[in-house]
Amino acid sequence: MKIVLLLLLITLSEATIGVFVKLTDGLIPIQTLNFYALSFAAAFLMAVMPLATGRPLRFPKGNLKDTAIIGVLIATQISVFNYAMTLVPIANAVIFWSVAPFFVFIFSALFLGEKARKSYILIFAVALTGIVLAKPLEGGHMIGNLVALGDGAIYAAMVTYMRYEGKTEAGNDIAWSMLAGALILSPALILAGPGTPAATISYAALGMDLPVMLWAAGLGIVSTGFAYFGISIVLKTLNANVYALVDIIVSPVVASTLGYLIFAEIPAQGMIYGGALLLGAGFWLTREMSRGAENRAVHPCQCA
């Protein structure tokens, strides 16, 4: 029951990414916001993971290459995804990002020699139908939709790399990978500027002014740090691919719902129908690919 509750909290925390990005209201350049977020996430993970594991946080001197590469991939994936959030409604970003399982299959087939099954043909046809119905190239959101689609490929590259390296155990190297990602993004402070993190935004509904840095901290601690921390715990008990199956469906739905409730973002009818087909196809493909490979990595938390 505790694992189910934690999985629910993880899903909710991941779904808040777009909310926190949009709440900053452009007062912090997105490149710098990504740096702040990864910095908060790294600090959070380094503080709580030793308490959760009962082991001190040790510098991964024997695993520097993997830690750094995963850090680069995390920084890239998070940066591109958050950038997409600034361009399109939350529903668009999370739905088009959900093509990730299909890129995982493509990269795994190309680089890991994983063979396709006959059922994949039907799955890909369903996914393609969903993309067509969602109309990523129409309307004023074309660039953002394409960025979200591209981010699905980046996430898939990260998963494929972990499979190649045989990462199947959840460890605490993720805290160091997060720190590496923050360091990689640190030039944004100079190139894009620090923004105005001390500025406040007035919220009439709440009757108070809140600092924009609060949302940057929320993006790092809640949406990123807590999510990765929770996943590292869940993966010790729950089959990794079971987690992936739940996350593929639930997180985009919750994120889209938050976009509607908080920002009154109403997805187009084609996006709703196309997104449903795409999410369902992604769920189906992940389930098919997990047969006989239940311990394969599906998340960057699986980097011991």
*Counting only N and O atoms by type, is there a donor-acceptor contact under 3.5 Å from the side chain of D151 to the main-chain atoms of V147?*
no

_Can you confirm whether or not the ring centre of Y155 sits under 6.0 Å from the ring centre of F81?_
no

*Are any of the side-chain heavy atoms of K22 and W215 separated by less than 4.5 Å?*
no

_If you compare all heavy atoms of A156 against all heavy atoms of A100, which two are closest, and at what distance to 0.1 Å?_
CB-O, 3.7 Å

*asked:* I'd like to know if the side chain of T24 reaches the main chain of V21, judged simply by a donor and an acceptor atom lying under 3.5 Å from each other, with no hydrogens or angles considered.
replied: yes

*Of all the heavy-atom pairs spanning G144 and A84, show the shortest one and how long it is.*
O-CB, 4.0 Å

*If you draw a 6.0 Å radius around CZ in F107, do more than 12 non-hydrogen atoms from other residues or ligands fall strictly inside?*
yes

*In sequence, state the C-alpha distance, the side-chain angles, and the governing distance for I201 and L27, and then conclude on side-chain contact (heavy atoms from CB on, under 4.5 Å).*
CA-CA 10 Å; I201 301 175; L27 294 176; 3.8 Å; yes

*Honestly curious: do L191 and F35 fall in one hydrophobic cluster under the side-chain, below-4.5 Å linking rule?*
no

*Treat each ILVMFWY residue as a node, draw an edge where side-chain heavy atoms are under 4.5 Å apart, and state whether F96 and I143 are in one component.*
yes

*Report the distance from atom CG of L73 to atom CD of Q77, rounding to the nearest 0.5 Å.*
9.5 Å

*Whether W176 side chain and R58 backbone form a donor-acceptor pair below 3.5 Å*: yes

*Given side chains that start at C-beta, do those of F102 and L285 come closer than 4.5 Å, heavy atoms only?*
yes

*asked:* Quick check for you: to the nearest 0.5 Å, what is the distance between M85 atom CE and I17 atom CD1?
replied: 6.5 Å

*asked:* Does atom CZ (F124) have a neighbourhood of more than 12 heavy atoms from anything else shown, all under 6.0 Å?
replied: yes

*Please assess S223 against S13 for the test side chain to side chain donor-acceptor pair (under 3.5 Å), listing each intermediate value before the final yes or no.*
CA-CA 5 Å; S223 304; S13 67; over 6 Å; no

*Determine whether more than 12 heavy atoms belonging to other residues, nucleotides or ligands lie under 6.0 Å from atom OH of Y273.*
no

*Taking all heavy atoms of A175 and all of L45, pick out the closest pair and write down the distance.*
CB-CB, 3.8 Å

*Residue among D66, L57, N63, L64 satisfying side-chain contact (heavy atoms from CB on, under 4.5 Å) with D173*: N63

*Same cluster or not: are L137 and I131 linked, directly or through other Ile, Leu, Val, Met, Phe, Trp or Tyr residues, by side-chain heavy atoms under 4.5 angstrom apart?*
yes

_Side chains of V19 and F263 in contact at under 4.5 Å (non-hydrogen atoms)_ = yes

*Could you tell me the separation between the CD1 atom of I78 and the OG1 atom of T224, rounded to the nearest 0.5 Å?*
4.5 Å

*asked:* Minimum heavy-atom separation for A91 and P267, please, with both atom names.
replied: CB-CG, 3.8 Å

*What is the distance from atom CZ of F44 to atom CE of M178, rounded to the nearest 0.5 Å?*
10.5 Å

*Verdict with reasoning, V99 to F103, per side-chain contact (heavy atoms from CB on, under 4.5 Å)*: CA-CA 7 Å; V99 300; F103 282 111; 3.5 Å; yes

*asked:* Nearest 0.5 Å, please: how far is CG in L214 from CG in L219?
replied: 11.5 Å

_Looking only at the side chains, is there a donor atom on one of T11 and S251 sitting less than 3.5 Å from an acceptor on the other?_
no

*Hey, are the side chains of L87 and Y83 touching, using non-hydrogen atoms and a 4.5 Å cut-off?*
yes

*Do L149 and W97 share a hydrophobic cluster (ILVMFWY, side-chain heavy atoms under 4.5 Å, transitive)?*
yes

*Give the intermediate values and the outcome of side-chain contact (heavy atoms from CB on, under 4.5 Å) for residues Y203 and D209.*
CA-CA 6 Å; Y203 297 93; D209 295 345; over 6 Å; no

*Salt bridge check: are E288 and K118 linked by an N-O gap of less than 4.0 Å?*
no

*Is there side-chain contact between T200 and L210, with at least one heavy-atom pair below 4.5 Å?*
no

*asked:* Check this for me: L8, atom CG, are more than 12 non-hydrogen atoms of other residues, nucleotides or ligands nearer than 6.0 Å?
replied: yes

*Please report the shortest heavy-atom distance between P197 and Y36, naming the atom on each side.*
CG-OH, 4.1 Å

_Q31 and S79, any side-chain heavy atoms less than 4.5 Å apart_ = no

*ILVMFWY cluster, L122 and L128 together (side-chain gap under 4.5 Å)*: no

*Between P252 and V94, what is the shortest heavy-atom contact and its length?*
O-CG2, 3.7 Å

*Do T257 and L261 come within less than 4.5 Å of each other through their side chains, counting heavy atoms only?*
yes

*Would a distance-only check, ignoring hydrogens and angles, find a side-chain to backbone donor-acceptor pair under 3.5 Å from E14 to A227?*
no

_Other residues, nucleotides and ligands only: do more than 12 of their heavy atoms fall within 6.0 Å of CG on L51?_
yes

*Find the distance between CG (N34) and CD1 (I74) and round it off to the nearest 0.5 Å.*
13.0 Å

*Do any N or O atoms from the side chain of S177 and from the backbone of I174 form a donor-acceptor pair under 3.5 angstrom?*
no

*asked:* What I'd like to find out is whether the side chain of I95 reaches to under 4.5 Å of the side chain of L278, using heavy atoms alone.
replied: yes

*Backbone N/O of L183 and side chain of S186: donor-acceptor pair under 3.5 Å*: yes

*Measure from the side-chain N and O atoms of T32 to the backbone N and O of I28, and report whether any donor-acceptor pair falls under 3.5 Å.*
no

